[in-house]
2 protein chains.
Amino acid sequence: MQSFTEENYLKVIYHLAEKTETVQTNAIAEQIQTKPASVTDMIKKLADKGLVDYIKYQGVSLTDKGRSAAIDIVRKHRLWEVFLVDKLNFKWDEVHDVAEELEHIKSVDLIERLDEFLGFPKSDPHGDPIPDKHGRFAKTQFIKLIDLKVGDSGTITGVSQHSSAFLKHLEKLGLTLGKQIQITDVTDFDGSVEILSSEKQINISREVAKHILISSNGKI
Amino acid sequence: MQSFTEENYLKVIYHLAEKTETVQTNAIAEQIQTKPASVTDMIKKLADKGLVDYIKYQGVSLTDKGRSAAIDIVRKHRLWEVFLVDKLNFKWDEVHDVAEELEHIKSVDLIERLDEFLGFPKSDPHGDPIPDKHGRFAKTQFIKLIDLKVGDSGTITGVSQHSSAFLKHLEKLGLTLGKQIQITDVTDFDGSVEILSSEKQINISREVAKHILISSNGKI
DNA sequence: AAAAATTTTTAGATTTACCTAAAAATAAAA
DNA sequence: TTTTATTTTTAGGTAAATCTAAAAATTTTT
Ligand SMILES: [Mn+2]
Ligand SMILES: [Mn+2]
Ligand SMILES: [Mn+2]
Ligand SMILES: [Mn+2]
């Protein structure tokens, strides 16, 4: 059984490991909002418990045991987010912080029943996949909107940024999950992207386009 | 903002204060499952924060601020219990431990929406009243079943013991909330009570009868 | 390949919530 | 009203998770 704090470390390492094989001390420190010295201490502890592989100065990676624990926390986080949005009418930009607390509630029974109550959802309000009770989930094939070419079209199926500011902005533009979009132009001047969505022309910055995930249906 | 641990102390002091005006160090220690020395430490801290009134060796009592914080936790605890029973199909004997964790989730918005989602329930699965968002609730007038006389009848509206063993036992006897009962006899030998419930004669021990709360409708 | 910059680790403290053992205060019994 | 028992507090310490400052290792730049 892991402590609240250990669970947060495991989850952060898990997410960082999606980008780089081996995870750096400083990167963890930034995510956890703590100092690198504290991270080193905790890494040693996690290594002693067999949750991470660790070589001094070489970074850290999850063991199978550690990954499985991390996925379990991610599962809880995303199920609670679905609960908050589907049942309690929270907006998709309001759920992250509360889920951050709820994910640490310790009860296998609770999460199984919650899963059932929600109808075994496959993805959370941000389009992220929800692992099943065995930790299995389909690795979804996303393309960043920024990487599409003029003429390409697809459906918004995820976001890679969960900040309230970003999500509220998308909401205002009408760019929510499931929306069909087509790239109509890319501005030479600032690289901003013109898209057609719900029969309206919208201009979004490169920064925004980077964090919108599309399941492409190729050119039309 | 109180810590997880401080909240547990406040809640325990609140419940103990229902029996005695001023609460003893040892009583708190027993409830929290800790040592009296640790309780003294925490009491000092709570006193410094203005949450309890404390005179050395004379016991402790909640200030208005402390009571209001305690009631807020009780509200959360009971709302989560309703959620677990009504929505996730937990039994009334299975919810206490999980609610013990959920009650510490910090989000005013969450609990207001949960309250609404549950239809603003007035009592929890054990018949205990749920304070509203201002901390107000009706002090219900209960009589212990053990205090009824032969011929008296009433409705089971609460229990004063939340252990799984006790609640499972009641369930098996069919003595659940809302059930109508009548006292038919009190055994001379062991003081056990004969009651009529759902057209069946049931014998319950004094110990059980002590913890069943009745809203009496007098003699029939 | 040496110098400079960056990253990571160690050393030594701090805070929170505990603990044990012993002392002090209060309550109960003789 | 002493003596005894119980309750409560103090004193001194531990473990978890954090910190700052300084040392060590690694990486990047010149
Ligand atoms: Mn978390
Ligand atoms: Mn999410
Ligand atoms: Mn609790
Ligand atoms: Mn209850």
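Numbers restart at 1 for each chain; the letters A, B, ... are given by sequence-line order, proteins then strands.
A search for side chain to side chain donor-acceptor pair (under 3.5 Å) contacts involving A/Asp188 returns nothing, not counting sequence neighbours. Residues meeting the side chain to side chain donor-acceptor pair (under 3.5 Å) test with B/Lys87, sequence neighbours left out: none. Under the side chain to side chain donor-acceptor pair (under 3.5 Å) criterion, B/Gln2 pairs with no residue, sequence neighbours left out. Residues meeting the side chain to side chain donor-acceptor pair (under 3.5 Å) test with A/Glu30, sequence neighbours left out: none.
Distance from the side chain of B/Thr40 is smallest to D/dT8 among D/dT8, D/dT18, C/dT10.
Nucleic acid contact for B/Phe4: none, since no nucleic acid atom lies under 4.0 Å from a heavy atom of the residue. Residue contacts shown for A/Thr5 are limited to sugar-phosphate atoms, with no base heavy atom under 4.0 Å away.
Rounded to an integer number of Å, the gap from B/Lys49 NZ to C/dT15 C1' is 12 Å. For A/Ile43 and C/dT9, the CD1 to C1' distance is 10 Å, given to the nearest whole Å. Atoms CD1 (B/Ile55) and P (D/dT8) sit 14 Å apart, rounded to a whole Å. B/Glu7 has its CD atom 15 Å from the C1' atom of C/dT16, to the nearest Å. For the pair B/Lys44 NZ and D/dA11 C1', the computed distance is 10 Å after rounding to whole Å. One can place CD of B/Gln58 at 12 Å from P of C/dA25, the figure rounded to the nearest angstrom. Remark: C1' of C/dC19 and CG of B/Asp41 are 10 Å apart, rounded to the nearest angstrom.
For the pair A/Lys44 and A/Asp48, the salt-bridge criterion is not met [side-chain N within less than 4.0 Å of a carboxylate O].
Ring-centre distance between B/Phe83 and A/Phe83: below the 6.0 Å cut-off.
Within residues 13-35 of chain B, the residues that have a heavy atom under 4.0 Å from DNA chain C are, in order of number, B/Thr34, B/Lys35.
Considering only side-chain N and O atoms, B/Tyr54 lies under 4.0 angstrom from the phosphate OP1 or OP2 of D/dT9. In terms of phosphate contacts, A/Lys56 brings no side-chain nitrogen or oxygen within less than 4.0 Å of OP1 or OP2 of D/dT26. Listed pair A/Tyr9 / D/dT18 meets the phosphate criterion, a side-chain N or O lying under 4.0 Å from OP1 or OP2.
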Show which side-chain atoms of residues 105-112 of chain A pair as donor or acceptor with protein atoms under 3.5 Å away, not counting sequence neighbours.
residue: A/Lys106; atom: NZ; partner: A/Glu7; partner atom: OE2; Å: 3.1
residue: A/Lys106; atom: NZ; partner: A/His104; partner atom: O; Å: 3.2
residue: A/Ser107; atom: OG; partner: A/Leu110; partner atom: N; Å: 3.0
residue: A/Asp109; atom: OD2; partner: A/Arg113; partner atom: NE; Å: 3.4
residue: A/Glu112; atom: OE1; partner: A/Lys133; partner atom: NZ; Å: 3.2

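Both A/Tyr57 and A/Ala37 lie near DNA chain D, and the one whose nearest nucleotide falls closer to the 5' end is A/Ala37.
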